[in-house]
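Working notes for the structure below.
The figures here come from the full heavy-atom set of this structure, side chains too, leaving out hydrogens, waters and symmetry mates.
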Amino acid sequence: GGTKKSSNGNDSKKSADSTTKKGDDKDPESLSESDSACPLLVGTLAYSDRDNLRRHIIRGNWRYEGQSPQRFELLRTIPTDEDLMELPKDGEFNGSFNVMHTHKTSKGKIKTKNRAVLENGVKLRFTPKGDEDREGATVFAVNGQGTNEYGVFELFGTAMKNEGDKDPTYSVSVRKRYIPLAPAPLTNKKSIEGNKKDKKRKHADSTATAAADDEEKPPPTELPTEGVCLRGKLVRNTSDELSLDNAAVHRITGLWALKGLPKVLEEPEQCEKFEYEHKCSGDSSVFPLSGRYTGFFYVSDVPGERTKVTERDVTLKFRSNSAGGHNVEGKGSNLYGKYNITGTLAKDGTITLIRKFQTPKVKGNKRVQPKVSVPANGGAGGGGKSLPKSKVVSGGTVAPSPSLLTFDDVIAPNGEDPVDPLIPPEQFTAIMRGILKVEADGTHTCSGNWAMTNEHFSTGITSKYHFGVMAENAVDDAKAMLERMNESGLDEDDDRRVKNVTEDGISPVTLAHSTFPIDSTQYKGNFKFRKGATRTQTIVDQQIVLKYVKNTGGSYNVYGKGMNEMGMFDLVGSLVLQTNTNGHMQLYRMYPPSEALPAAQPPPSKKSSKVFPGSLTEKAPANSGPVPAMKPPEPFVASMSGLQRRESARMSRVPSRP
């Protein structure tokens with residue numbers, strides 16, 4: 001019985017086809033020779049609500065002149081006020097189809113590749129055939145028009161209802177014919193150049209741009225596995241979805257991590273959220289859209305607490321690649337510094353971005369810092385450490401130098417037992433965020449911004465800081481550190497040797513280039529300090545001692561101690577590696593209560609505080625933004641020996657009368 005029913009259904013379809021054969025591609029009498037040579041698309045029209053996406057989908061294969069079939073797909077998003085199960089329905093579809101093309105490799109070999117061609121604005125109209133009304137019709141004439149990189153095309157054919165299916169589906173068979181462009185009218189050269197300029201000013205469709213681009217598309221960008229990685233979805237929301245007046249929003253939402261793409265894919269629960277968006281006119285159908293994006297990302301400073309960091313200078317540029325997706329290039333900046341962006345956008349809208357922070361450019365003339373002479377007896381047995389400037393007193397004798405800070409002054413784990421990631425202190429004087437990296441000459445530097453609180457970072461109340469260790473000192477410290485770690489066996493779990501370091505042709509490769517990070521007692525630098533309402537002062541950190549301890553989370557806990565004219569201070573923080581030679585550094589600076597400098601420390605003078613451009617203690621730029629005051633919160637009170645009020649040494653005058 002089922003077979004007869006199917007046969008009767010087919011007979012009714014054939015009778016309906018015979019009444020109106022115009023536009024039916026299955027009837028050879030209804031097609032001219034030129035139409036029969038057009039590509040044939042055969043597929044199924046159905047509805048889908050998978051993943052909460054209400055869509056009508058036409059999916060199948062297409063073929064042309066005996067070639068092997070290739071996949072094609074057309075999608076239409078159904079608004080909530082329309083019945084999803086009502087098929088067929090007129091509307092605008094978007095999709096793609098696969099096409100084979102030859103590719104010449106770098107070695108001269110010819111290979112065949114399969115790529116996807118996007119199609120936009122495919123407007124389809126379904127008209128019942130015969131005398132049947134739309135609700136009872138089983139055969140529809142299909143007509144439509146759309147665009148792709150090859151030009152404007154029209155579709156014509158039929159859609160037949162599949163009676164045996166539980167859900168309503170239709171077998172679609174259409175032909176595709178490209179509409180030839182009208183020849184351009186003859187005109188003078190000036191008018192042609194003027195038309196070209198006008199076209200450049202218009203916001204052309206990305207498919208039209210691709211049609212004019214005869215160059216071979218590049219392969220997808222190979223992304224590094226390390227570094228700051230952002231991964232999410234890029235979608236285009238129209239004014240109907242956002243309740244906006246003729247506007248569209250291109251929005252990227254997802255997760256980011258410091259340890260690259262594997263961290264985002266394998267441990268998404270430990271990653272933070274980010275979001276970018278770009279608003280444009282609703283008349284534009286370009287996707288993806290290059291331009292300036294704004295957004296934010298979250299940073300977890302304290303477990304359970306997050307800080308929102310805004311970004312307003314993110315520029316993204318999309319370029320089609322040979323895999324059917326897009327390569328992404330761009331740049332941006334935030335409170336951590338300037339960075340470059342590389343990434344990829346897949347066909348399904350998945351976008352992966354990798355950030356690489358730029359090295360801060362030091363301003364000033366390129367004078368060489370003069371070396372300080374060291375007495376011969378002072379260099380013997382010094383272990384390669386540079387000594388502080390000695391003070392010359394009357395008679396030509398050299399006064400003893402103040403004692404330097406050592407690793408023994410730093411309270412830190414020995415690294416033999418597992419150490420958990422550092423929990424930020426509840427009270428601190430200042431917080432510093434920046435990038436620690438190895439420079440081309442082997443110098444290890446850390447540059448960034450500091451503020452009094454995390455909230456000040458969000459509002460932009462920050463100032464610049466900079467510290468580092470010179471290359472010649474880094475070599476000696478790296479050698480001593482590697483020997484200590486080798487003797488204690490710590491190098492098995494914490495190998496700080498950098499592999500495959502290449503020479504730049506200028507500076508030889510030393511241990512300073514091939515070791516990161518380095519425990520050293522010879523870091524030094526400076527930061528800006530507010531002095532009054534409008535004046536600022538550069539505070540020089542004469543010495544900073546830093547020790548790095550590998551934690552169970554794969555990053556480093558940082559412990560340190562330093563001194564400047566304000567007193568001794570402690571440092572704790574974290575270092576998360578981006579690559580083998582750079583990483584994000586976050587340090588908390590704390591001044592002990594009423595801790596003054598040793599008596600042997602000479603007070604800062606104009607001569608001794610002189611700073612040479614290009615050195616590690618070079619002053620931060622004058623236009624580095626608002627400078628927070630270095631007034632520590634309770635219970636820590638920074639000792640400012642040069643600024644505190646002192647009792648007068650003069651004898652008090654006795655009053656003449658009681």
Closest approach of [X] and [Y], non-hydrogen atoms and distance?
{"X": "Val438", "Y": "His513", "value": "CG1-CA, 4.1 Å"}
{"X": "Ala159", "Y": "Val172", "value": "CB-CG2, 4.1 Å"}
{"X": "Ser574", "Y": "Val558", "value": "C-CG2, 3.8 Å"}
{"X": "Gly442", "Y": "Ala512", "value": "O-CB, 3.3 Å"}
{"X": "Asp441", "Y": "Ala471", "value": "O-CB, 3.2 Å"}
{"X": "Ser333", "Y": "Glu311", "value": "O-OE2, 4.3 Å"}

Starting at [atom1] of [X], measure out to [atom2] of [Y] and round the result to the nearest 0.5 Å.
{"X": "Lys279", "Y": "Arg292", "atom1": "NZ", "atom2": "CZ", "value": "14.0 Å"}
{"X": "Leu45", "Y": "Phe126", "atom1": "CG", "atom2": "CZ", "value": "5.5 Å"}
{"X": "Met100", "Y": "Arg115", "atom1": "CE", "atom2": "CZ", "value": "11.5 Å"}
{"X": "Ser96", "Y": "Glu119", "atom1": "OG", "atom2": "CD", "value": "7.5 Å"}
{"X": "Lys347", "Y": "Asn321", "atom1": "NZ", "atom2": "CG", "value": "10.0 Å"}
{"X": "Leu234", "Y": "Glu277", "atom1": "CG", "atom2": "CD", "value": "12.0 Å"}

Side chains of [X] and [Y], heavy atoms from C-beta outward: is any pair under 4.5 Å?
{"X": "Phe297", "Y": "Leu230", "answer": "no"}
{"X": "Arg231", "Y": "Leu265", "answer": "yes"}
{"X": "Lys356", "Y": "Tyr339", "answer": "no"}
{"X": "Glu272", "Y": "Leu258", "answer": "no"}
{"X": "Ile518", "Y": "His444", "answer": "yes"}
{"X": "Arg319", "Y": "Glu329", "answer": "no"}
{"X": "Ile351", "Y": "Thr344", "answer": "no"}
{"X": "Glu267", "Y": "Glu269", "answer": "yes"}

(request) Kindly indicate, with the supporting measurements, whether the criterion side chain to side chain donor-acceptor pair (under 3.5 Å) is fulfilled by Thr445 and Glu439. (result) CA-CA 7 Å; Thr445 62; Glu439 304 290 352; 2.7 Å; yes
A quick test of your reading: do over 12 heavy atoms of other residues, nucleotides or ligands sit less than 6.0 Å from [atom1] of [X]?
{"X": "Lys233", "atom1": "NZ", "answer": "yes"}
{"X": "Lys499", "atom1": "NZ", "answer": "yes"}
{"X": "Asp81", "atom1": "CG", "answer": "yes"}
{"X": "Lys331", "atom1": "NZ", "answer": "no"}

(request) Output all residues satisfying side-chain contact (heavy atoms from CB on, under 4.5 Å) with Leu577, sequence neighbours left out; order by chain, then residue number. (result)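 Testing Leu577 for side-chain contact (heavy atoms from CB on, under 4.5 Å), a comparison that skips the adjacent residues, returns Phe516, Tyr556, Leu575.
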(request) Could you walk me through whether Arg251 and Tyr276 pass side-chain contact (heavy atoms from CB on, under 4.5 Å), step by step? (result) CA-CA 6 Å; Arg251 181 175 285 111; Tyr276 292 145; over 6 Å; no
(message) Applying side-chain contact (heavy atoms from CB on, under 4.5 Å) to Ser290 and Leu316, what does each step give before you reach the verdict?
(response) CA-CA 6 Å; Ser290 302; Leu316 299 180; over 6 Å; no
(request) Could you walk me through whether Arg76 and Glu92 pass side-chain contact (heavy atoms from CB on, under 4.5 Å), step by step? (result) CA-CA 6 Å; Arg76 176 177 179 259; Glu92 181 176 333; 5.7 Å; no
(request) Say whether Thr77 and Arg55, considering side chains only, have a donor N or O and an acceptor N or O under 3.5 Å apart. (result)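 Short answer, no.
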(request) Verify whether one side chain among Tyr64 and Gln70 offers a donor that lies under 3.5 Å from an acceptor in the other. (result)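 No donor-acceptor contact under 3.5 Å links the two side chains.
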(request) Give the ring-plane orientation class for Phe467 versus Tyr465, where under 30° counts as parallel, over 60° as perpendicular and anything between as tilted. (result)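 Ring orientation of Phe467 relative to Tyr465: parallel.
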(message) Classify the ring geometry of Tyr293 against His278: parallel below 30°, tilted from 30° to 60°, perpendicular beyond 60°.
(response)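 Plane angle between 30° and 60°, so tilted.
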(message) Go through it in stages, so that I can follow the logic: the residues are Cys38 and Lys176, the test is side-chain contact (heavy atoms from CB on, under 4.5 Å), and I'd like the CA-CA distance, side-chain angles, deciding distance and then a yes or no.
(response) CA-CA 6 Å; Cys38 296; Lys176 178 185 287 187; 5.7 Å; no
(request) Could you check Arg496 against Asn580 for side chain to side chain donor-acceptor pair (under 3.5 Å), going step by step and ending with a plain yes or no? (result) CA-CA 9 Å; Arg496 304 190 188 181; Asn580 293 332; over 6 Å; no
(request) With sequence neighbours left out, write down each residue that passes salt bridge (charged side-chain N to carboxylate O under 4.0 Å, His left out) with Asp49, or none if nothing qualifies. (result)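 If we apply the salt bridge (charged side-chain N to carboxylate O under 4.0 Å, His left out) test to Asp49, skipping adjacent residues, there are no hits.
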